[in-house]
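The structure under discussion appears below in the form of structure tokens.
As the structure is a computational prediction, the values presented were derived from the model and not from experiment. Hydrogens, waters and symmetry mates are skipped; everything else that's a heavy atom, side chains included, is used. Every chain is numbered from 1 and lettered A, B, ... according to where its sequence line falls, protein lines coming before strand lines.
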Number of protein chains: 2
Amino acid sequence: MAKALRTKDKIIVAAEKLFSEHGFEQTSLRQITSEAEVNLASVNYHFGSKKALIQAVMARYQSVFMPALAEQLYQLQKNSEQVATKDVLACVMQPLIALRQVRIDGPVIYLRLLGYAYSEIQGHLRKYTMANYGEIVHEFFQLIQQANPNVCSKTLFWRLHFSLGAMLFAQTSSQALREIAASDFGEETQAEETLLKLLPFVAAGISAAEPDPKS
Amino acid sequence: MAKALRTKDKIIVAAEKLFSEHGFEQTSLRQITSEAEVNLASVNYHFGSKKALIQAVMARYQSVFMPALAEQLYQLQKNSEQVATKDVLACVMQPLIALRQVRIDGPVIYLRLLGYAYSEIQGHLRKYTMANYGEIVHEFFQLIQQANPNVCSKTLFWRLHFSLGAMLFAQTSSQALREIAASDFGEETQAEETLLKLLPFVAAGISAAEPDPKS
DNA sequence: AACTTAATTAAACGGCCGTTTTAAATAAGG
DNA sequence: CCTTATTTAAAACGGCCGTTTAATTAAGTT
């Protein structure tokens with residue numbers, strides 16, 4: 001029984017690493033079981049299928065991140081009458097850091113997984129997220145609207161997805177971009193620094209004045 | 001000889017469509033040759049390999065887009081002493097529209113191809129682009145710097161890639177997002193409208209004031 | 001017209017994929 | 001200690017992949 005959990009965990013740990021590095025579909029079960037040093041068939045024994053393994057990996061992070069996000073949003077709307085866009089956005093930082101409890105490099109892993117999940121299994125992840133954590137997502141959106149009363153909801157919807165795209169792209173190609181930045185500007189950029197640079201960018205973009213419709 | 005060009009073109013047309021819909025690695029040569037109604041082996045005969053086909057597809061669009069972008073940038077810096085961020089960004093619109101001359105839906109196809117190219121073949125596309133059109137990219141960056149003298153170069157580098165990520169993400173998941181937006185807000189969103197919504201977002205993000213380093 | 005070159009075709013190659021089946025080893029319960 | 005599940009292990013399954021081969025057809029040249 002104790003050994004069994006070991007095997008299952010070894011698969012999860014290896015799968016998270018390889019999925020976050022190469023994406024879901026580009027990672028084969030043979031790569032995962034080789035990295036985990038377990039037998040190929042044990043994946044299907046413990047998880048049923050590759051798709052189920054992917055879901056298990058994602059669910060493990062979502063189940064930690066989403067409740068933590070809900071708590072942050074609750075504290076924000078409780079303690080402040082007038083919320084600012086940057087404060088709502090900042091609510092995602094602590095839950096991200098909380099992912100260290102599932103894995104030391106959990107925050108980075110989760111963001112990269114999210115990026116691949118969005119580009120590879122399109123609507124699937126969104127459907128799962130909305131079904132299980134729809135209220136949290138909805139509350140996040142409401143707070144963003146509250147912070148930007150002069151921007152129409154439809155525009156905010158798009159701008160939030162632009163922001164998501166900026167974050168996921170930056171994370172997915174983070175390593176390559178940081179190398180280029182280092183060779184162009186001489187300074188090293190840390191992975192977490194990227195997220196800090198992102199916040200003012202998306203905060204300004206979300207709150208930008210809507211252009212004249214006659215241009 | 002006339003028939004030969006037909007086959008080669010039929011492959012290109014089918015490949016562009018399927019690549020832009022499902023990505024490069026997810027699209028098999030058998031899908032392409034089936035869609036094009038040509039023999040499987042003709043891809044390797046006319047292009048040499050799948051990788052060469054991908055490069056041919058991308059090069060066809062880049063060779064139209066990049067010179068057109070260079071012309072726009074030249075006109076901008078020639079006619080205005082003080083350039084604004086939104087004007088530099090607007091320089092990409094006409095070259096995008098010019099892609100209609102390679103295919104009716106060229107602009108959309110090109111952006112989606114770009115998105116997959118960045119996420120799937122990471123450094124490869126960037127290397128190719130810089131080797132062939134490095135000066136144009138560099139001039140674009142210079143104009144952005146010129147328009148934002150108060151933002152340091154390194155920050156602008158990251159913000160431009162955030163912008164690229166926002167655009168590519170919006171295009172890659174454009175169809176799904178537009179469906180969601182339609183069901184949530186009742187109005188249909190056109191594909192081109194998405195790009196217009198993007199401009200003020202990234203313009204504001206790029207020009208955002210840099211935050212205090214002590215936060 | 002015959003001949004040379006180019007283009008198309010059908011079939012097969014080796015390789016990796018996710019999954020399943022088989023049997024052996026291990027742990028748990030009576 | 002023996003029986004019964006549970007877990008690991010190795011091998012094979014069918015399927016799709018990119019690529020190559022060899023034979024056939026079409027086009028171009030003198």
Test side chain to side chain donor-acceptor pair (under 3.5 Å) applied to [X] - qualifying residues, sequence neighbours left out:
X	result
A:T194	none
B:K86	none
A:S34	none

What is the separation between atom [atom1] on [X] and atom [atom2] on [N], rounded to the nearest whole Å?
X	N	atom1	atom2	answer
B:I11	C:dA7	CD1	P	12 Å
A:I54	C:dG18	CD1	C1'	11 Å
B:Q26	D:dC17	CD	P	11 Å
B:F24	D:dG18	CZ	P	14 Å
A:F47	C:dG18	CZ	P	15 Å
A:Y45	C:dA25	OH	C1'	13 Å
B:H46	C:dA7	NE2	P	6 Å

Is there a ring pair (Phe, Tyr, Trp, His ring centres under 6.0 Å) between A:F169 and B:F169 once you walk through the steps?
-> CA-CA 8 Å; A:F169 179 79; B:F169 180 79; over 10 Å; no

With a 3.5 Å cut-off and no angle check, do the side chains of A:E71 and A:Q75 form a donor-acceptor pair?
->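 Indeed, the side chains of A:E71 and A:Q75 share at least one donor-acceptor pair under 3.5 Å.
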
Test B:H161 against B:F157 for ring pair (Phe, Tyr, Trp, His ring centres under 6.0 Å), laying out the working first.
-> CA-CA 7 Å; B:H161 282 89; B:F157 168 87; 4.5 Å; yes

So what does A:T33 touch, heavy atoms closer than 4.0 Å: a base, only the sugar-phosphate, or nothing?
->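 No contact.
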
Heavy atoms of other groups near B:K154 NZ, more than 12 under 6.0 Å |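 Atom NZ in B:K154 is packed in, count exceeds 12.
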
Is the CD atom of A:E193 crowded by more than 12 outside heavy atoms at less than 6.0 Å?
->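 Above 12, so yes.
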
Between protein and nucleic acid, restricted to nucleotides 19-22 of chain C and to nitrogen or oxygen atoms under 3.5 Å apart, what atom pairs and distances do you find?
from, atom 1, to, atom 2, distance (Å)
C:dT19, OP2, A:N44, OD1, 3.4
C:dT19, OP2, A:K50, N, 2.9

Tell me which nucleotide among C:dT8, D:dC17, C:dC17 gets nearest to the side chain of A:S28.
->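 Given the options C:dT8, D:dC17, C:dC17, the side chain of A:S28 is closest to C:dC17.
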
All side chain to side chain contact (heavy atoms under 4.5 Å, CB included) counterparts of A:S63, not counting sequence neighbours |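 A:S63 satisfies side chain to side chain contact (heavy atoms under 4.5 Å, CB included) with A:Y133 once adjacent residues are dropped.
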
Watson-Crick and G-U pairing of DNA chain C written in dot-bracket, each distance under 3.5 angstrom, with | for inter-strand partners = .||||||||||||||||||||||.||||..

